[in-house]
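Residue numbers start from 1 in every chain, and the chains themselves are labelled A, B, ... in the order their sequence lines are given, proteins ahead of strands. Please read these numbers as outputs of a predicted model, since none were measured by experiment.
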4 protein chains.
Amino acid sequence: MSAQVIDHRGPDFADVGKTALDGMKTIFKTEAGRVFIYPASGTGAWEAALVNTLAEGDRVLMYETGHFATLWKKMADRLGVRAEFIEGDWRGGADADAIEAYLRKDTAHEIKAVCVVHNETSTGSVSPIADIRAAIDAAGHPALLMVDSISGLASVDFRFDEWGVDVCVSGSQKGLMLPPGISFNCVSDKAMEVSRKGGMRRSYWDWHDMTGPNATGYFPYTPATNALYGLNEAIAMLHEEGLDNVFARHARHARATRAAVRAWGLEVLCRQQGQESGVLTAVLMPEGHSADAFRAQVLRSFDISLGNGLSKVADKVFRIGHLGDFNDAMLMGTLSGIEMALAKSRIPHSAGGTAAAMAVLEEDIPAAIAAE
Amino acid sequence: MSAQVIDHRGPDFADVGKTALDGMKTIFKTEAGRVFIYPASGTGAWEAALVNTLAEGDRVLMYETGHFATLWKKMADRLGVRAEFIEGDWRGGADADAIEAYLRKDTAHEIKAVCVVHNETSTGSVSPIADIRAAIDAAGHPALLMVDSISGLASVDFRFDEWGVDVCVSGSQKGLMLPPGISFNCVSDKAMEVSRKGGMRRSYWDWHDMTGPNATGYFPYTPATNALYGLNEAIAMLHEEGLDNVFARHARHARATRAAVRAWGLEVLCRQQGQESGVLTAVLMPEGHSADAFRAQVLRSFDISLGNGLSKVADKVFRIGHLGDFNDAMLMGTLSGIEMALAKSRIPHSAGGTAAAMAVLEEDIPAAIAAE
Amino acid sequence: MSAQVIDHRGPDFADVGKTALDGMKTIFKTEAGRVFIYPASGTGAWEAALVNTLAEGDRVLMYETGHFATLWKKMADRLGVRAEFIEGDWRGGADADAIEAYLRKDTAHEIKAVCVVHNETSTGSVSPIADIRAAIDAAGHPALLMVDSISGLASVDFRFDEWGVDVCVSGSQKGLMLPPGISFNCVSDKAMEVSRKGGMRRSYWDWHDMTGPNATGYFPYTPATNALYGLNEAIAMLHEEGLDNVFARHARHARATRAAVRAWGLEVLCRQQGQESGVLTAVLMPEGHSADAFRAQVLRSFDISLGNGLSKVADKVFRIGHLGDFNDAMLMGTLSGIEMALAKSRIPHSAGGTAAAMAVLEEDIPAAIAAE
Amino acid sequence: MSAQVIDHRGPDFADVGKTALDGMKTIFKTEAGRVFIYPASGTGAWEAALVNTLAEGDRVLMYETGHFATLWKKMADRLGVRAEFIEGDWRGGADADAIEAYLRKDTAHEIKAVCVVHNETSTGSVSPIADIRAAIDAAGHPALLMVDSISGLASVDFRFDEWGVDVCVSGSQKGLMLPPGISFNCVSDKAMEVSRKGGMRRSYWDWHDMTGPNATGYFPYTPATNALYGLNEAIAMLHEEGLDNVFARHARHARATRAAVRAWGLEVLCRQQGQESGVLTAVLMPEGHSADAFRAQVLRSFDISLGNGLSKVADKVFRIGHLGDFNDAMLMGTLSGIEMALAKSRIPHSAGGTAAAMAVLEEDIPAAIAAE
């Protein structure tokens with residue numbers, strides 16, 4: 001990514017652009033879908049998904065999985081869409097049954113899209129996308145299924161084609177291990193068709209402006225050239241390890257982290273079994289203790305940056321990330337730092353979290369290593 | 001820019017963000033204006049300027065200086081604005097008198113904004129922004145003055161406050177010497193006021209969402225963190241040399257380049273004296289010769305990448321860039337390569353272009369060097 | 001270090017060279033000494049120390065602290081010096097009393113130098129240089145004191161002037177955190193005087209060829225220019241943290257590491273209390289288990305690279321490094337990896353090493369953090 | 001080269017070391033020779049060549065081609081070798097006939113080696129190595145042929161096996177385009193045999209210590225690991241272009257440079273036709289003008305760093321480099337800067353040097369480009 005900037009209209013650029021567009025299809029696990037790459041952060045790709053498919057006044061169904069789902073709903077409201085929210089307690093993924101029930105009541109099929117967050121970074125919960133697809137189908141409802149997998153893609157399992165997703169929104173700075181600055185839409189034929197005649201007035205985000213130049217690896221306006229070099233490298237690294245191995249690695253670290261949290265006598269925010277995120281684990285602070293003061297302590301003492309609680313859970317949770325280029329030793333270093341900081345900050349807890357995590361890691365050895 | 005990504009909500013980020021926002025004010029030469037930084041390329045910042053200030057159906061006056069002015073107009077059209085175009089011949093900047101005359105006829109003051117491109121990259125012409133401000137004032141017209149200086153800022157003189165600009169759009173990849181990926185709006189109090197009650201439905205581009213977090217160096221959504229490191233370094237480099245010295249350096253290289261073009265017997269596309277760009281010089285190919293074939297030749301033989309002609313002048317001009325970190329030897333290398341390629345490609349021309357350029361450079365010595 | 005190579009005879013180089021030479025004096029803690037920088041690895045700086053001060057047939061006293069002391073002795077032998085070796089068991093630093101006794105017997109003062117390794121990387125032991133100086137003085141012996149601190153300098157306390165060292169040999173790739181490729185001699189006036197008339201035939205390593213050009217920041221032959229940029233940055237980083245804080249950080253990590261080793265029921269190779277290295281801890285494998293097989297396991301499973309046992313202790317010890325840019329979390333990650341690998345490899349041990357290390361770290365909090 | 005430092009005793013290092021050692025054989029054009037890589041600059045590799053093959057008191061024949069030949073002779077003197085010098089006027093390569101005549105007189109075969117500089121950087125002359133080999137053979141003399149190609153290798157033609165060289169000395173910072181810091185010996189079987197029983201006392205430079213570890217890609221002491229990454233990349237780049245294409249590129253630039261010098265009415269230092277270097281061209285300043293003042297002017301005004309005159313030609317010549325990653329435009333930029341500085345500094349000269357150079361480049365088009 002520190003290479004010279006090349007001419008994005010020159011002959012050498014086509015290969016960079018084509019490799020990125022094709023490579024992202026393998027990450028989304030799609031053959032039928034089209035990928036669009038925006039020089040924008042993930043919030044821009046949210047907007048792109050909405051303005052290409054929805055008109056002002058259209059109804060959409062969203063699900064309150066946490067902070068980011070709430071922000072996406074606010075964006076929809078501001079863009080003039082009538083976003084309806086199934087309320088959630090921020091302690092699990094979206095409930096497919098609730099979505100099905102909601103859609104069944106919409107006999108006029110006014111709801112144009114169901115929007116859910118795949119991996120809710122603010123809570124560490126994962127929504128069951130395949131179940132939600134099944135729920136929409138069971139209700140016989142034609143709404144598009146639009147999924148935010150900004151923080152999930154390339155870290156936890158995602159299958160665009162198999163799960164019948166219509167639009168998936170993602171970004172560069174989580175599972176793709178890049179600086180923020182580029183973001184993605186992956187779009188089904190059905191959604192392309194909807195956008196052809198519909199959506200709002202738009203220019204920067206328009207999918208159809210992209211398809212012509214994209215066909216040969218170019219873009220209708222200046223792309224973030226150097227980020228694309230990094231993207232191509234990141235995709236190659238993911239396939240070298242194997243996407244499924246990456247997912248397994250994160251899931252195993254999540255299990256070990258939860259074991260540590262339980263051993264400390266603390267509570268994991270996500271309480272839906274099977275919906276805990278492989279990307280991060282959010283931990284509830286004991287009543288009467290500030291999560292942010294604790295996070296500041298951990299940063300100062302151990303140079304470990306924990307995520308903060310956002311809006312409803314502000315100062316009530318801290319979030320332990322275990323995504324990207326992360327291994328057992330890095331996880332144990334992180335958990336040890338937290339355990340030491342719990343002691344130093346006199347947070348009521350039991351010792352032994354790191355030992356519990358270690359026990360999980362020892363027992364639950366990846367096949368690749370076990371075979372050695 | 002190859003540093004680790006830091007947490008854009010963490011304590012260390014505030015300083016990075018504040019330095020960037022304050023630093024850009026010195027580059028725009030503004031004290032009163034507000035700067036907004038988008039994780040987007042310049043096209044996004046165009047859209048931001050339009051959606052924050054204009055409603056659907058609003059009339060705006062634009063001026064056809066070249067390809068980029070035309071693209072901006074198309075964007076306005078697509079967003080539902082009624083963009084009116086004063087036609088131009090692509091051989092100079094915008095004509096302030098024509099703008100004044102146009103505005104005088106709009107006695108009802110329906111025109112909400114005058115939009116001009118400062119440095120038209122497709123032609124190498126610079127519009128006289130101060131004159132255009134004077135023209136608007138002479139017509140007693142309340143329209144906003146919105147300027148695209150994507151390729152001009154930090155390369156040719158620009159004065160936001162002194163020239164009475166209301167919105168200036170810019171980007172990272174020209175005078176700021178960065179990869180593409182971040183772009184800017186600089187906004188006057190008047191434009192902020194207009195946008196408060198007006199503009200279109202918007203979210204990603206909204207100025208008012210930015211002001212709160214920006215006050216302490218943060219952003220409402222994920223910024224392109226690593227590009228901001230580069231931006232802060234670029235701003236420091238520009239001030240180390242001195243902005244006015246940078247402008248003088250580019251202007252002198254432009255003069256030498258024009259001397260070479262004249263000596264070759266070729267024609268510079270910009271024919272308005274005093275409006276020639278310091279950033280680049282567009283050169284007309286003799287009738288019957290393909291500019292693109294010539295550019296391909298120059299790239300193959302000398303590894304020099306010339307700009308191509310866009311739309312109306314496609315294949316008719318080639319463009320010589322002399323912006324960024326560029327010195328006399330690099331200019332002479334470029335011009336020598338072109339002169340050799342003219343000979344090799346049997347383009348009708350006189351030799352001696354490089355000698356003519358050298359004569360200009362020798363005569364026209366920067367004060368700093370002359371003093372030595 | 002990835003900057004363009006600059007002309008090492010040009011005007012800008014003087015500052016780079018001077019900063020490096022002066023900066024290294026602060027690292028050696030010397031005002032009177034002269035620093036020489038070689039484009040060579042540490043082995044070259046060993047040779048430089050010998051050939052500048054000793055003639056063929058000269059007697060020198062060396063001390064067998066471990067593998068590197070043995071290699072240095074072999075080098076002396078090959079260069080024609082009569083190196084005499086006080087044998088050691090590789091489980092502590094050099095014994096000052098033994099040195100004093102040896103020198104007292106040399107009433108003719110034939111021994112020209114006493115050579116000891118400060119931080120013996122192969123064993124994790126530190127020799128008491130100040131005591132050895134006192135021993136030489138107590139014996140009333142004029143021998144030079146030559147110290148190899150290739151792996152000690154900038155990681156464990158070293159005081160050239162205060163401890164009366166005559167020649168200190170060091171390198172770039174340990175405490176200075178650089179790639180290997182440059183190495184150092186720090187030389188007292190007494191040693192300079194000895195070398196003026198003495199030493200062996202030499203050219204590349206000659207101190208006196210260096211002094212002239214060094215005075216203005218230049219070198220008699222091509223220096224490793226880019227490594228010098230890195231060196232200047234490393235020196236600045238060390239002073240930013242404070243040399244004594246760096247030493248304290250490593251010593252605390254060494255204490256925690258030993259606590260872990262003891263809790264595992266394993267044995268630390270160094271058994272001289274007070275001579276344990278802050279740079280690394282060598283651990284004896286239980287009888288009948290291969291240290292190298294264990295190291296390979298740790299590398300495969302946890303991507304942690306442990307040091308191997310060298311010559312006499314080959315396959316019998318593994319070495320845990322805790323030098324350079326290292327913090328509590330990284331140490332705990334390393335120790336956790338080792339504890340998990342001990343279990344996985346069925347090495348007889350008790351669990352609880354990481355808990356013991358954590359207890360040391362929690363109790364023994366650096367003043368800077370405790371104050372927060 | 002900015003990668004993490006890896007363990008030079010670890011399993012991954014073997015491949016790095018082996019690739020470097022094998023790759024350098026292709027650059028030296030040898031199958032029979034052995035390559036040794038030193039963490040040292042070129043001066044160290046000079047010393048290595050001498051101490052491995054010569055004993056104190058041995059006679060060697062050297063040839064005064066310029067400053068570097070003189071320095072190498074001084075080194076030989078200091079190491080106790082009896083170096084005899086055929087004097088030269090610094091205006092051409094070594095004279096094979098003079099060498100043959102000298103050797104014929106040595107009927108006792110006391111002379112153990114003939115040492116010549118291949119590309120004399122101080123003068124821009126190349127010695128005819130194949131002719132010198134023939135001269136030695138014609139004289140029926142058994143002396144080793146030792147060649148310094150520090151600045152020639154990978155820039156001008158060199159053929160270790162075909163030319164019957166016994167020891168070739170080289171370095172990283174010229175044709176291999178790396179920072180200084182590693183250097184090379186390439187050694188014939190005959191020289192290996194001589195060194196087995198002969199040479200001086202030595203340790204760091206000893207060839208025979210290297211052969212064991214080198215066989216599997218390792219080194220007997222710490223190598224400059226990161227420089228080896230760069231070396232492997234440089235070798236790949238050279239073969240991608242083709243070594244012979246690299247030589248042709250430099251030779252063509254040298255011809256154009258000489259045309260410019262002649263057109264200016266100045267004199268090239270090398271006056272032996274066919275021995276002008278492709279690496280650099282040294283130019284004599286007109287009587288009464290300081291070359292160093294002129295060089296300072298060129299650096300200030302054009303940021304072009306010219307080489308200085310060394311010892312005998314100090315302040316009398318400036319040197320124009322045209323090696324490494326260099327193309328026509330860069331050469332023309334350099335020559336234009338010099339021509340402008342000649343004018344500015346009022347050095348008596350004719351204009352038109354750049355035009356003359358351009359004419360050569362236009363006429364003398366590389367086959368690869370001409371074919372397009």
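With a 4.5 Å cut-off on non-hydrogen atoms, D:Leu71 does not touch chain C at all. Both the backbone and the side chain of D:Thr222 come within contact range of chain C, each with at least one heavy atom under 4.5 Å from a heavy atom of that chain. Contacts between C:Pro223 and chain D at a heavy-atom distance below 4.5 Å involve the backbone alone (N, CA, C, O). Contact of D:Phe219 with chain C is not made at all, since no heavy-atom distance falls under 4.5 Å. Looking at C:Ser305, only its side chain comes within 4.5 Å of chain D, counting heavy atoms on both sides. With a 4.5 Å cut-off on non-hydrogen atoms, C:Leu310 touches chain D through its side chain but not through its backbone. When heavy atoms are compared at a cutoff of 4.5 Å, D:Ile150 does not approach chain C at all. When heavy atoms are compared at a cutoff of 4.5 Å, C:Arg78 approaches chain D by way of both its backbone and its side chain.
Using a 4.0 Å cut-off between charged side-chain N and carboxylate O, D:Asp77 and D:Lys74 make no salt bridge.
For the pair C:Ile182 and C:Leu176, the minimum side-chain heavy-atom distance is 4.5 Å or more. Residues C:Tyr221 and C:Pro39 have side chains in contact (heavy-atom distance under 4.5 Å, counting atoms from C-beta outward). Between D:Trp72 and D:Val60, every side-chain heavy-atom pair lies at or beyond the 4.5 Å cut-off.
Most heavy-atom pairs under 4.5 Å with chain C: of the set D:Met200, D:His8, D:Glu56, this distinction falls to D:Glu56. Top candidate by heavy-atom pairs under 4.5 Å with chain C, chosen from D:Gly80, D:Ser172, D:Gly181, is D:Gly80. Interface check for chain C: of the options D:Leu50, D:Val51, D:Asp206, the most heavy-atom pairs under 4.5 Å are formed by D:Asp206. Most heavy-atom pairs under 4.5 Å with chain D, from the set C:Arg202, C:Arg295, C:Arg201: that is C:Arg201.
Ring geometry for D:Phe36 against D:Trp207 counts as parallel: the plane angle stays under 30°, on a 0 to 90° scale with 60° as the upper cut.
Taken from CE in C:Met75 to OG1 in C:Thr70, the straight-line distance is 13.5 Å, to the nearest 0.5 Å. Note that the OG atom of C:Ser151 and the CG atom of C:Leu323 stand 8.5 Å from one another [nearest 0.5 Å].
At least one donor-acceptor pair closer than 3.5 Å links the side chain of C:Ser170 to the backbone N or O of C:Ser149.
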